[in-house]
Amino acid sequence: MDILDKILAGLNPAQKEAVEAPDGPLLILAGPGSGKTRVITHRIAYLVRIRGVNPQRIMAVTFTNKAAREMTERLERLMSYAVKELTIGTFHAICSRILRRDGSAIGIDNRFVIYDGDDQTRLLKRCLQELNLDPKQYAPAALASAISSAKAHLLDPRQYLERGRSYFDEIAARVYELYQQRLRESNALDFDDLLMMAVLLFRRNPDVLERYQSRYLHLLVDEFQDTNLVQYELIRQIGGKHRNICVVGDPDQSIYSWRFADLRNILSFEKDYPDARVILLEQSYRSTRTILETASRIIMANQQRKPKNLWTENEVGEPVSTVETYNEQEEAQFVAREVERLVSRGEASLGDFAVMYRTNAQSRVIEETFLRHGISHRLVAGTRFYERREVKDIIAYLRLIQNPNDGVSLMRIINIPQRGIGDQSQARFSAWAKSLDLSLYEVLKQLAGKEMKAPFTPHVAGVLCAFAGMMEGLAARSNELNLVDLFDLVVERTNYRAYLMNMPDGEERWDNVMELRKVAEQHRDLYPPDGLTAFLEGVTLVSDVDSLEEGVPAVTLITLHQAKGLEFPVVFIVGMEEGLLPHFRSFDDPAQMEEERRLCYVGVTRAKKRLYLVRAFRRNLMGRSIVTEPSRFLADIPRDKLATGSSWQEERGGVDASQYAWEKPSLSAAVARPDLKAGDRVRHAQFGEGVVVGIKATSNDTEATVAFDGHGVKKLLMSFARLEKVV
DNA sequence: GCCTCTGGATTTTTT
DNA sequence: ATCCAGAGGC
């Protein structure tokens with residue numbers, strides 16, 4: 001078969017048009033399941049194999065490493081050679097590579113370390129302390145977000161201050177300035193720096209930019225709707241010469257505005273590149289017609305959007321199931337039983353299922369329930385592996401070896417394992433370094449070399465010297481040892497195992513250290529310093545979805561955000577409630593509310609065959625059980641798409657048992673008290689006497705709303721609360 | 001300096 | 001419910 005036929009085989013006309021589009025800017029607006037990844041990969045194959053473009057001159061940017069990996073794998077099947085020569089990666093990974101290579105032009109030492117969110121918070125707290133600011137008043141998280149915003153908009157502290165409109169902004173600008181100074185001293189970059197510094201590098205060094213511009217003849221960007229201003233600028237810079245910029249995105253799936261993703265980038269694109277060819281991919285191959293129409297109806301309610309006309313040739317499929325359960329335990333049980341039911345009927349296998357939720361906290365009940373049911377599952381995220389204490393400790397040692405200036409890592413491990421350097425000594429140590437205007441490590445080194453006398457007790461001074469000596473020793477060996485041996489040496493010298501084994505969950509923690517060692521083994525073959533660099537970069541720039549393997553026989557538990565770009569035959573979206581989806585935090589902001597809707601849309605469109613929208617009538621939030629309202633998004637689903645005739649519009653808030661869309665989850669302990677009715681007078685052990693205001697039947701219990709004399713209105717479960725009827 | 005206890009706050013989403 | 005910071009005891 002002819003190569004071109006092979007590349008175009010199975011593509012629809014719009015996809016073909018995108019793949020074969022001539023040079024010049026290209027904007028592809030692609031609905032969910034319309035084959036956008038396919039289009040990008042096939043276009044790359046087309047460029048290389050038909051148009052004869054040197055693969056070294058193509059850059060493809062993805063949102064996650066996983067997407068990059070998948071793209072690479074698909075390309076290997078399509079072109080079998082030269083795939084390694086392509087530049088494929090996330091914005092962060094690509095920028096990091098650029099900065100390692102050329103960052104020296106703006107004063108960045110190529111041994112820089114990358115600070116993750118946790119490191120960033122630690123550093124921010126130190127900055128707050130130094131500025132005598134109260135971390136309660138100025139939450140590190142809020143400051144981190146302000147700084148992140150500044151960087152995403154390419155503002156330095158001064159520019160940020162100029163644009164500031166509040167007292168908080170002023171404080172934030174001051175913190176930002178100090179924070180940035182500390183980063184620089186530590187030879188460290190945070191995630192946002194990677195992007196911002198790359199842009200600055202290009203701005204200040206046209207010759208460097210020119211090198212990249214000339215090299216990259218073609219630039220392809222996935223998930224374009226989630227790019228922010230820096231990323232947009234970066235694309236503009238690198239693609240500026242040849243202007244063969246191909247961006248693919250779906251405005252309806254833009255869910256990262258809190259990371260300063262800006263939908264206007266899509267509009268800007270058409271303005272900045274008026275000659276851009278716009279291609280719409282509207283045929284969807286993923287979901288059943290019912291699911292696709294449900295999704296369309298949900299997203300249609302957004303005001304700020306361009307209408308589009310998604311269609312599919314797929315079968316109508318099963319109706320969407322909306323299910324209300326009593327509480328989150330029952331919600332989880334419903335999911336578990338439904339999984340069991342479909343599996344036992346042979347309709348699906350474990351790997352086909354995904355349970356999606358708005359907040360990570362929701363995963364817990366599901367996980368516990370699955371454990372009890374013996375349903376194997378994999379939790380995307382959980383306590384993230386690379387954020388675990390023991391893992392970060394070892395990483396901190398290795399980072400410090402690579403880059404002695406890394407202040408955050410140094411302070412992290414200076415007393416781990418315990419060396420008797422407590423808070424007091426640590427504070428004195430850093431204050432002293434500051435007064436000498438030396439980096440922390442520099443001070444340590446001089447201390448060890450007896451070049452200065454320290455304002456510490458002899459004991460503390462001795463311990464610091466020993467620590468310095470150990471680090472020096474490790475650093476000295478780092479050039480001759482491969483990464484794994486270095487890893488082992490760090491663990492051995494620090495006696496880290498014994499330290500962990502002293503803890504109650506030491507075994508488990510030690511297992512994590514060994515798991516990390518396995519990651520290190522992947523870089524064993526690299527030349528010593530390169531292995532360390534590659535390893536450290538890898539462990540910082542990974543995301544949780546990256547480790548998600550396909551074909552594992554387990555149910556996937558995942559947040560709606562993480563689920564973007566994935567698909568599953570059977571999807572459960574749990575917590576379809578006001579306050580969760582949409583989340584409370586978006587209630588007062590229409591733009592945010594539209595984003596919540598898009599998030600819901602993303603979730604719904606992940607499903608190929610079956611979709612369940614589940615909610616709990618009661619949910620435990622911050623310790624207290626509260627009564628929920630069905631998500632407003634449910635009201636937009638047409639009746640005929642649902643599993644039963646139940647209509648949320650009519651029954652909003654209603655908890656009549658007959659309204660269950662799916663089979664009623666039945667639990668034991670059903671205690672109905674038909675003898676009790678509104679108006680009855682009752683007595684409760686704690687609240688005293690009151691009047692029954694309402695009675696509601698739930699799936700397995702009865703709930704009474706009682707107005708107590710002097711205790712206000714309470715909702716009580718008849719199975720738990722001992723209510724006595726007062727005659 | 002370190003460990004333990006208590007009270008208080010705290011939960012959106014993440015490269 | 002759980003995590004964290006600060007206080008107080010060893």
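Order of the sequence lines fixes the chain letters, A, B, ..., with proteins taken first and strands second; residue numbering starts at 1 for each chain.
- As a whole-Å value, the separation of A/Glu368 CD from C/dA1 P is 12 Å.
- For A/Lys564 and B/dT15, the shortest distance from a side-chain N or O to OP1 or OP2 is not below 4.0 Å.
- Between the NE2 atom of A/His561 and the C1' atom of B/dT13 there is a distance of 4 Å, rounded to whole Å.
- Spacing between atom CD1 of A/Ile558 and atom C1' of B/dT13 amounts to 12 Å, rounded to whole angstrom units.
- Of the candidate nucleotides B/dT14, C/dT2, B/dT15, B/dT14 has the atom nearest to the side chain of A/Thr559.
- Each of C/dA5, B/dG1, B/dT13 was ranked by its minimum atom distance to the side chain of A/Ser425; first place goes to B/dG1.
- A/Gln253 and A/Asp250 share a side-chain donor-acceptor pair at under 3.5 Å.
- Heavy-atom nearest nucleotides on DNA chain B were determined for A/Phe63 and for A/Gln426, and the one closer to the 5' end corresponds to A/Gln426.
- An aromatic stacking contact between A/Tyr256 and the base of B/dT14 is absent, as defined here by ring centres under 5.5 Å apart and ring planes under 30° from parallel.
- Partners of A/Glu130 according to the side-chain hydrogen bond (donor to acceptor under 3.5 Å, both in side chains) rule, which considers only residues two or more places apart in sequence or in another chain, are A/Arg182, A/Lys434.
- Computed from coordinates, the A/Phe260 CZ to B/dT13 C1' distance equals 12 Å when rounded to whole Å.
- Nearest nucleotide to the side chain of A/Lys125, out of C/dT2, B/dT15, C/dA5: C/dA5.
- Taking atom CD on A/Glu537 and atom P on B/dT15, their separation rounds to 15 Å, with Å as the unit.
- Atom pair A/Gln129:CD and C/dA5:P shows a separation of 11 Å (rounding to whole Å applied).
- In terms of position on DNA chain B, the residue among A/Glu596 and A/His92 whose nearest nucleotide sits closer to the 5' end is A/Glu596.
- Scanning for side-chain contact (heavy atoms from CB on, under 4.5 Å) contacts around A/Pro582 gives A/Glu578, A/Ser586, A/Phe587, A/Met593, A/Glu596, A/Ser631, A/Arg632, A/Phe633, with sequence neighbours left out.
- Across the protein-nucleic acid pair, A/Arg597 atom CZ and B/dT13 atom C1' stand 18 Å apart, rounded to whole Å.
- A salt bridge is absent between A/Arg509 and A/Asp393; no separation between the charged side-chain nitrogens and carboxylate oxygens falls under 4.0 Å.
- Taking atom CG of A/Asn360 as the reference point, atom P of B/dT14 lies 5 Å away to the nearest angstrom.
- The side-chain hydrogen bond (donor to acceptor under 3.5 Å, both in side chains) search around A/Thr41 returns none, not counting sequence neighbours.
- Taking atom C1' in both B/dT11 and C/dG6, the straight-line distance is 22 Å, to the nearest Å.
- Remark: A/Glu73 engages no residue in a salt bridge (charged side-chain N to carboxylate O under 4.0 Å, His left out) (not counting sequence neighbours).
- Within the 4.0 Å cut-off from OP1 or OP2 of B/dT14, at least one side-chain nitrogen or oxygen of A/Gln562 is found.
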- Message: For nucleotides 2-11 of chain B, give me one character per nucleotide, 5' to 3': B if any protein heavy atom sits under 4.0 Å from the base, S if the only such contacts are to the sugar-phosphate, - if neither.
- Response: SS-------B

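- With sequence neighbours excluded, the residues that form a side-chain contact (heavy atoms from CB on, under 4.5 Å) with A/Asn65 are A/Thr90, A/Asp546.
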